[in-house]
Amino acid sequence: MEAFHLLSRGGAKFDKSKFKSDVNLFNGKKSKAANASTSARAPEGELPPELDFFKYAQGGQGKRKASEPNGGADAKGKKRRVEEDEDTEDEDADEAEQAAEEDDPPMPRHRVTTKGNNVPEHVETFEALRERYNIPSRLLQNIAQSGYKRPTGIQSHGIPILLEHRDLAAISPTGTGKTLSYLLPVMSALGAPAASSKSNPGSGVRALILAPTRELAHQIHNECLKLAQGRKWKIVLFSKATAATLADKKVREKIDLIISTPLRLVASLQAGNLELNNVRHIVLDEADRMLDAEFLEQVQEVIAACTHPEVQKAVFSATLPANAEKVAMSMLRDPIRVVVGLKDTPLPLIAQSLTYVADDQSKLPTLLQYLSQPYNPPVLIFVSSQPRATSLAEELVISGVPNVDCLHAGMTMKEREDAVSRMRRGESWVMVSTEVMARGMDFKGVREVINYDFPQSVQSYIHRIGRTGRAGREGKAITYFTNQDAPFLKTIANVLLQSGSTVPEWILKLPKPSKMKRREMGKVKRAEAVNNARRIGRSDAIKKRDMVAASKRRKAKETQSKTDGATSSPHADGADGESA
DNA sequence: AAAAAAC
């Protein structure tokens, strides 16, 4: 447990003691990040270009596109420079965002196809939106201030549709601005704050945005707050704590917009602590995930609680498999379907490759070898389970890789939040994570994704690698595959091919295994996976056992709220208490 | 197809 805590608290802290030179450099020159050496060789103690956050935001990627080969490994040698000195982190970010507007070439324009009755015409500019629709000028002002200049494909098509109060199924690749596509119209239609009693007496929640993970909900909330600046809307990121305040009806009535994961919302509904009868807009972000078997029931329960006859529904995702689309379409009323680019195809901006590692044991040496050479931090590494995330991160730390972080849903909320903010600050060089990070998360600096464990679906693959190559930037994605992954290799290889990456010919020549065969091998693979589940780290079985024991103790404690004595986890319960 | 995530 201790090791687990140490680890999940952050590689950065760990490194302070063990990699002094790195950290000194890092801390000392943080504000001068823009002047960092061009070398990306993090482990040598040079300041890594993770602060490329800024470089990216600042520089026009147009230059890069022309001058750089798309093999990601070459990129580090030819970083664009950031011209000026900047003083504080925050200013850096802000100025960078604004500077980005100047010479930012528009995002690559994808083909857009729409289907539906009376599809509203798209707009080319945000200006055009104002001319055609009655959008609060403050909102447009905030959009400009946040650095948005021209609407992306999904924005120029999706926003008018939503502004005309039509239902929408939107499919647009990762990192192409889906969040703004629904936030702008929803907030535009929000009207006066519920708290101002004259306009909407007792109106309460009027918009609802659902996302599959806490981290994503949090990120959406941040975007929302940016757009809401200067308005007095009450925009709530649903959590245990906020849910507890809803027992007071006066509190709920003042809420204008809720961003939440489904189950949290269902819990409040069932407790009778929430009315959604005045909700006019429901958005499902990462819609295919939200319509997965595990989420579907919860989502339907939430939607059923939104009884207003004019409720508008919209679903957004980068992927929408046929079955999910069917479910989605059946929930929508006279829907319009917008597809940007090719469905289920990643961005060509992401240079993808497949790396053969014979078996699970060979992955770690391969990764360590990779990380011992120059690379572009931060790197996001995906594994298939929580214990594997923990133990891989630990192995990396033990092996001397600096600034390793770990994020999975088995960690406490605080640990998760800390990990995300380290990532946002550029303090994580290597982030090991599970599927929890696969969707929606927008870390502008991430240019390398490594699938340490083979993704379990095409959708998973597309979303994982879509953590890089965002907003027109380039990215690099490496996927390890073992013998066990063979049955699924060709499917993924086809995805690479379709999005312009190259695949070794022998992979393409693989026979497509029959269904039976695939099933059999799948079984082997699963057995193997169970076997491997704890194998990256040495003491992992012990850690896992401790974690399980701790969570059992916590549960036992919840039922018997009196006995507070024997908890090993310092802030497992203390903070939330039972105030409701 | 299966794990992860949701609480």
Side-chain angles (χ1 to χ4, degrees), chain A residues 209-218 237-244 259-271 273-274 284-302 321 323-324 382-390 406-413 416 420 432-441 451-461 463-464 484-489 491-492 513-534 544 547 551-552 554-555 558-559 572-573 576 578 580:
Chain A
I209 293 156
L210 295 179
T213 63
R214 298 291 306 272
E215 280 75 15
L216 183 51
H218 197 292
L237 174 61
F238 235 52
S239 68
K240 204 186 261 178
T242 53
I259 300 151
S260 179
T261 51
L263 197 50
R264 179 72 266 166
L265 216 50
V266 168
S268 287
L269 282 173
Q270 288 177 348
N273 280 346
L274 187 62
L284 302 187
D285 205 346
E286 305 300 342
D288 51 340
R289 178 65 156 276
M290 304 298 284
L291 300 173
D292 261 4
E294 298 85 345
F295 272 129
L296 182 58
E297 219 175 307
Q298 303 162 23
V299 169
Q300 281 172 334
E301 189 167 344
V302 170
N323 49 345
F382 285 103
V383 296
S384 60
S385 73
Q386 295 180 7
R388 280 175 72 79
T390 310
C406 176
L407 176 46
H408 60 70
M411 290 158 49
T412 66
M413 214 45 232
R416 288 167 70 169
V420 169
V432 183
S433 183
T434 61
E435 287 294 304
V436 71
M437 295 297 277
R439 283 174 178 260
M441 296 309 294
N451 287 317
Y452 187 90
D453 291 334
F454 205 75
Q456 274 122 345
S457 70
V458 167
Q459 285 75 30
S460 164
Y461 177 76
H463 286 276
R464 283 175 173 195
Q484 258 74 46
D485 300 319
F488 309 97
L489 184 57
T491 322
I492 299 294
S514 71
K515 265 188 189 164
M516 273 292 281
K517 180 85 180 162
R518 208 158 46 212
R519 205 167 300 161
E520 253 170 55
M521 294 202 61
K523 269 180 199 157
V524 174
K525 195 190 158 185
R526 253 166 279 143
E528 187 79 9
V530 169
N531 215 15
N532 287 340
R534 306 172 176 184
K544 169 87 183 187
M547 279 169 56
S551 88
K552 269 188 189 147
R554 223 176 299 153
K555 279 205 178 111
E558 269 167 23
T559 50
D573 282 327
D576 329 54
E578 48 253 280

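Remember, predicted model here, so these are calculated numbers, not experimental data. Here is the naming used below: chain letters follow the sequence lines, and residue numbers restart at 1 for every chain.
Between A:Met413 atom CE and B:dA6 atom C1' the separation is 11 Å, expressed in whole Å. To the nearest angstrom, C1' of B:dC7 lies 15 Å from CG of A:Leu210. Rounded to whole Å, atom P of B:dA6 lies 12 Å from atom CE of A:Met411. Straight-line distance from the CD1 atom of A:Ile259 to the P atom of B:dA6: 16 Å, rounded to whole Å. Straight-line distance from the CZ atom of A:Arg439 to the P atom of B:dA6: 13 Å, rounded to whole Å. We find that CD of A:Glu215 is positioned 15 Å from C1' of B:dC7, with the value rounded to whole Å. For A:Phe488 and B:dA3, the CZ to C1' distance is 13 Å, given to the nearest whole Å. The interatomic distance linking A:Leu407 (CG) with B:dA5 (C1') rounds to 12 Å, in whole Å.
No donor-acceptor distance shorter than 3.5 angstrom exists from the side chain of A:Glu297 to the backbone of A:Ala293, with no hydrogens or angles considered. At distances below 3.5 Å, not a single donor-acceptor pair connects side-chain atoms of A:Ser433 with backbone N or O atoms of A:Phe382.
For A:Thr213, the side chain to side chain contact (heavy atoms under 4.5 Å, CB included) criterion is met by A:Glu215, A:Leu216, A:Val436, not counting sequence neighbours. For A:Glu301, the side chain to side chain contact (heavy atoms under 4.5 Å, CB included) criterion is met by A:Val266, A:Gln270, not counting sequence neighbours. With sequence neighbours excluded, the residues that form a salt bridge (charged side-chain N to carboxylate O under 4.0 Å, His left out) with A:Asp288 are A:Arg439. Listed by chain and number, the residues in a side-chain hydrogen bond (donor to acceptor under 3.5 Å, both in side chains) with A:Asn451 are A:Arg464, A:Thr479 (sequence neighbours excluded).
Heavy atoms of A:Ser457 sit under 4.0 angstrom from at least one base atom. Using a 4.0 Å heavy-atom criterion, one finds that A:Arg416 contacts the sugar-phosphate atoms exclusively. The residue A:Arg289 sits close to a base: some heavy atom pair falls under 4.0 Å.
If you check residues 260-268 of chain A against DNA chain B, the residues with a heavy atom closer than 4.0 Å are A:Thr261, A:Leu263, A:Arg264, listed by number.
A donor-acceptor pair shorter than 3.5 Å can be found between the side chains of A:His408 and A:Thr390.
Residue side chain A:Gln386 does not reach the base of B:dA4 through any donor-acceptor N/O pair under 3.5 Å, judged by distance alone.
Not one side-chain nitrogen or oxygen of A:Thr213 sits closer than 4.0 Å to the OP1 or OP2 atom of B:dA4.
Relative to the side chain of A:Arg214, the nucleotides B:dA6, B:dA3, B:dA5 differ in distance, and B:dA6 lies closest.
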